[in-house]
Participant: 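The structure that follows is given in the form of structure tokens.
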Amino acid sequence: MDKIPKETVNLRHWINNKVTNHKCQTPLHTTPHLSLLPRRSPHLQFSLRASSDPSVIVSDSNGVAMSPSSGTSDLSSIEGDAVTEAELRENGFRSTRRTKIVCTIGPATCGFSELEALAVGGMNVARINMCHGTREWHKEVIDRVRRLNHEKGFAVAIMMDTEGSEIHMGDLGGASSAKAEDGEVWTFSVRAFNSTLPEHTINVNYDGFAEDVRVGDELVVDGGMVRFEVIEKIGPDVKCLCTDPGLLLPRANLTFWRNGSLVRERNAMLPTISSKDWLDIDFGIAEGVDFIAISFVKSAEVIKHLKSYIAARSRDSDISVIAKIESTDSLKNLEEIIQASDGAMVARGDLGAQIPLEQVPAAQQRIVQLCRQMNKPVIVASQLLESMIEYPTPTRAEVADVSEAVRQRADALMLSGESAMGQYPEKALTVLRSVSLRIEKWWREEKRYEAMILPSVGNSFAEKISEEICISAAKMANNLEVDALFVYTKTGHMASLLSRCRPDCPIFAFTTTTSVRRRLNLQWGLIPFRLSFSDDMESNLNKTFSLLKARNLIKSGDLVIAVSDMFQSIQVMNVP
Ligand SMILES: Nc1ncnc2c1ncn2[C@@H]1O[C@H](COP(=O)(O)OP(=O)(O)OP(=O)(O)O)[C@@H](O)[C@H]1O
Ligand SMILES: CC(=O)C(=O)O
Ligand SMILES: [K+]
Ligand SMILES: [Mg+2]
């Protein structure tokens, strides 16, 4: 790899300068105030009419470009999804990507054309991180994604990630970074500074900080990017000696360690959802985001609380709540948390600052496995391609890490800094896409199909029947080597039950609402479509066949297995 070796610290500095200089272009129609009503997403991107049934509307969502919509619904506006079609021509029907991709949107990707490039490149979900930027900034990003979905026929879902209230540094008085050198003494203070920060002073957001730390404690910034030793406490100020130099970034996370263990005194009582988070959540509900990811979840209670809040606030919208597993408490209460959530994220960045790094891979494996067993989508996040923030190619180790997450059959992979503020967001996305495709293919070719015991997750007998149908349908699909599974599902539940089985063939999920379709975007192997279907399965199948044939997505003779949440049956048939 022809990388120019540079000093890490300088690079980080360079990145910071780059980030601050990076302007978001193409400002769109910005609304200066927040809308108070939940905004429904634009109804349909485009219509696809089969000769037989003009009422059926289908749109693709596998993260890649479909036909641009002119808002008209004549036949000439029908175009296939360029990327998927190219993929199909090249590798055949079974080659579509199963692992989904979440991209964090930041200064490097918030412009209209950058967002479009990510959507074309396979972004299934755009994540906005409320730790950074203003609500107005985030609203602009949401509006742009919505406009792209509407105009270009994408189905990119939106995930809002809360800031959470762990201990972190202040914003460095407006500086983009500050360099801490070996042997320097810095003051970490809980005082509110009205004027500019004195030199070598860092503001800490947690009031109990100066009381909780002790002389001799180790203060770790951002999971180890910089380290200090506490040498003296003077009222609200804590004097610290820099023992491991590096660059301090605004709002960097802080942990402190005593005799090799993480100190969790009263800071363990910090609320998971801060008052600022509640305002952000109101914003997310008003904007009708598809997912809200909650940082530093400690228990299932907070998830239940938030879910009932969302249900009360937005009766007709269904926002999924994703629990971010990034603290020791969340690992302790993992099962209850996952059970209460609609999905989970292995947030390895902060997790790696709270548990020894060598324990992170085992935690990841456990979370991914548990989520699959409990039928909740799981995202593997942070540092997947960290070096691509600066370089156009990943390290071999990063490719191996991505491969491992794909091999574990996580639902989705996430880009953070790589897409938010890196130099090569699209290249990073391409790497995730191609590594996913390659590993998935290898896995199928090698027949490394790992049977996993999938415990029953249903409460009622009818739900248990649905599960058995999905398990059997997936098994049949593998044994008969069918081309696709079709599932007709109003809530999306039956589709996720099929996805849980991780079958060899793609799963075409037909659902009646746009919001369910967007949510299914996060789940392994699902190719969600919106389709108005009836209770008559035969006519549903005929409609679907003609529509998909018109799009060259299937052809006569393809072998398909169909299930639905309306009838407890499995149908096996050749496309007529
Ligand atoms: N909206 C934004 N505005 C400016 N910079 C951003 C934005 N979103 C992300 N970034 C930059 O990208 C980096 C990586 O993003 P990421 O979402 O992983 O944040 P983080 O600070 O590590 O927090 P988290 O633990 O929630 O992931 C951030 O540290 C920040 O520098
Ligand atoms: C994604 C995130 O929050 C983390 O890795 O810490
Ligand atoms: K966050
Ligand atoms: Mg985090």
Side-chain angles (χ1 to χ4, degrees), residues 100-106 125-135 137-138 141 158-169 171 205 220-225 249-255 262 267 270-274 276-281 283-284 289 291-298 302 306 321-331 337 341 343-355 357 359-361 363-364 367-368 371 377-386 389 398 401-402 405 410-422 428 432 522:
K100 302 304 177 79
I101 303 179
V102 182
C103 300
T104 304
I105 306 304
V125 179
R127 165 181 179 254
I128 49 172
N129 187 349
M130 304 311 279
C131 284
H132 309 279
T134 60
R135 259 172 234 138
W137 186 93
H138 292 293
V141 172
I158 293 174
M159 177 179 294
M160 191 193 86
D161 194 322
T162 63
E163 179 166 341
S165 54
E166 287 302 276
I167 308 177
H168 60 76
M169 311 187 332
D171 64 3
N205 74 327
V220 177
V221 181
D222 257 350
M225 301 314 281
L249 298 176
R251 312 179 81 78
N253 171 284
L254 290 176
T255 46
L262 184 73
N267 73 62
L270 285 172
T272 301
I273 303 181
S274 69
K276 188 241 180 201
D277 290 338
W278 283 113
L279 292 175
D280 288 338
I281 287 165
F283 164 78
V289 299
F291 302 94
I292 296 183
I294 297 296
S295 297
F296 299 104
V297 171
K298 294 172 189 153
V302 70
L306 176 62
V321 174
I322 305 293
K324 291 175 69 187
I325 310 301
E326 52 183 343
S327 63
T328 43
D329 290 327
S330 60
L331 287 178
I337 291 172
S341 313
M345 184 194 292
V346 191
R348 305 186 301 182
D350 285 302
L351 187 60
Q354 296 224 347
I355 61 173
L357 280 183
Q359 289 176 18
V360 174
Q364 172 179 324
I367 299 162
V368 170
C371 282
V378 62
I379 306 160
V380 174
S382 293
Q383 298 188 335
L384 284 165
L385 297 172
E386 186 80 355
I389 291 176
E398 285 165 345
D401 179 48
V402 173
D411 286 86
L413 308 174
M414 188 172 109
L415 294 175
S416 297
E418 302 93 331
S419 56
M421 45 75 127
L432 285 193
L522 187 63

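Each residue takes its place number in the sequence, starting with 1. These figures come from a predicted structure and were not determined experimentally. Every number for a ligand or one of its atoms is a count from 1 in the order of the listing.
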Participant: Suppose the cut-off is 2.8 Å; which protein N/O/S atoms would you list for the Mg ion (ligand 4)?
Facilitator: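 Short answer, with waters excluded from the count: E326 OE1, D350 OD2.
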Participant: Short question: side chain of S419, backbone of T104 - any donor-acceptor pair under 3.5 Å?
Facilitator: yes
Participant: Do the side chains of V141 and W137 get nearer than 4.5 Å, heavy atoms only?
Facilitator: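 Contact flag for W137/V141 side chains = yes.
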Participant: Is there at least one pair of N or O atoms, one from S416 and one from ligand 2, spaced under 3.5 Å apart?
Facilitator: no
Participant: With respect to S416, which candidate in R348, R127, M421 satisfies the side chain to side chain contact (heavy atoms under 4.5 Å, CB included) definition?
Facilitator: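 Between S416 and the candidates, side chain to side chain contact (heavy atoms under 4.5 Å, CB included) is satisfied uniquely by R127.
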Participant: Can you tell me, to 10 degrees, how wide the angle at the K ion (ligand 3) is between OD1 on D161 and O on T162?
Facilitator: 60°
Participant: Quick one: are M160 and I281 in side-chain contact, heavy atoms under 4.5 Å?
Facilitator: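 Yes, at least one pair of side-chain atoms sits under 4.5 Å.
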Participant: May I ask you to list the atoms of ligand 2 that are less than 4.0 angstrom from any heavy atom of G349?
Facilitator: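 Atoms satisfying the 4.0 Å criterion: 4 (C), 5 (O), 6 (O).
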Participant: Return the residue, atom name and 0.1 Å-rounded distance of the protein heavy atom closest to atom 2 (C) of ligand 2.
Facilitator: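 Checking every protein heavy atom, the shortest distance to atom 2 (C) of ligand 2 gives A347 CB, 3.4 Å.
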Participant: D329: what forms a side-chain hydrogen bond (donor to acceptor under 3.5 Å, both in side chains) with it, not counting sequence neighbours?
Facilitator: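 Scan of D329 (side-chain hydrogen bond (donor to acceptor under 3.5 Å, both in side chains), adjacent residues dropped) gives R264, K332.
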Participant: Identify the closest protein heavy atom to atom 5 (O) of ligand 2: which residue and atom is it, and at what distance?
Facilitator: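 For this ligand atom, the closest protein heavy atom is S382 OG, 2.4 Å.
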Participant: Against heavy atoms of E326, which atoms of ligand 2 measure under 4.0 Å?
Facilitator: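 Matching atoms, with element in brackets: 2 (C), 3 (O), 4 (C), 6 (O).
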Participant: If you count the atoms of ligand 2 from 1 in the order shown, which ones are under 4.0 Å from a heavy atom of R348?
Facilitator: 5 (O)
Participant: Return a yes/no value for M345: is any of its N or O atoms, backbone included, closer than 3.5 angstrom to an N or O of ligand 2?
Facilitator: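 No.
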Participant: Quick one, V221 with L249, criterion side-chain contact (heavy atoms from CB on, under 4.5 Å). Give me CA distance, side-chain angles, the key distance, then yes/no.
Facilitator: CA-CA 9 Å; V221 181; L249 298 176; over 6 Å; no
Participant: In terms of atom number and element, which parts of ligand 2 are under 4.0 angstrom from non-hydrogen atoms of K324?
Facilitator: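 Checking each atom against K324, I get 2 (C), 3 (O).
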Participant: To 10°, measure the SG(C131)-the K ion (ligand 3)-OG(S295) angle for me.
Facilitator: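 It comes to 120°.
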Participant: Is I273 close to V302 at the side-chain level, that is, under 4.5 Å between some pair of heavy atoms?
Facilitator: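 The answer is yes; the side chains approach within 4.5 Å.
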Participant: In the structure I gave you, are the side-chain heavy atoms of I167 and N205 within less than 4.5 Å of one another anywhere?
Facilitator: yes
Participant: With respect to I294, which candidate in I322, I337, T272 satisfies the side chain to side chain contact (heavy atoms under 4.5 Å, CB included) definition?
Facilitator: T272
Participant: Within the structure, does D350 bring an N/O atom to less than 3.5 angstrom of an N/O atom in ligand 2?
Facilitator: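 Yes, there is a polar N/O contact under 3.5 Å.
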Participant: Hydrogens and angles aside, do S295 and D161 bring a side-chain donor and acceptor to less than 3.5 Å of each other?
Facilitator: yes
Participant: To the nearest 0.5 Å, what is the distance between CD on E326 and CG on L351?
Facilitator: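 Between E326 CD and L351 CG, I get 8.0 Å after rounding to 0.5 Å.
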Participant: Would you compute the distance between atom CG of D350 and atom CD1 of I325 and round it to the nearest 0.5 angstrom?
Facilitator: 12.5 Å
Participant: Confirm or rule out an N/O/S atom of N129, from backbone or side chain, lying less than 3.4 Å from the K ion (ligand 3).
Facilitator: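 Here the distance criterion (N, O or S atom, under 3.4 Å) is met by N129, so yes.
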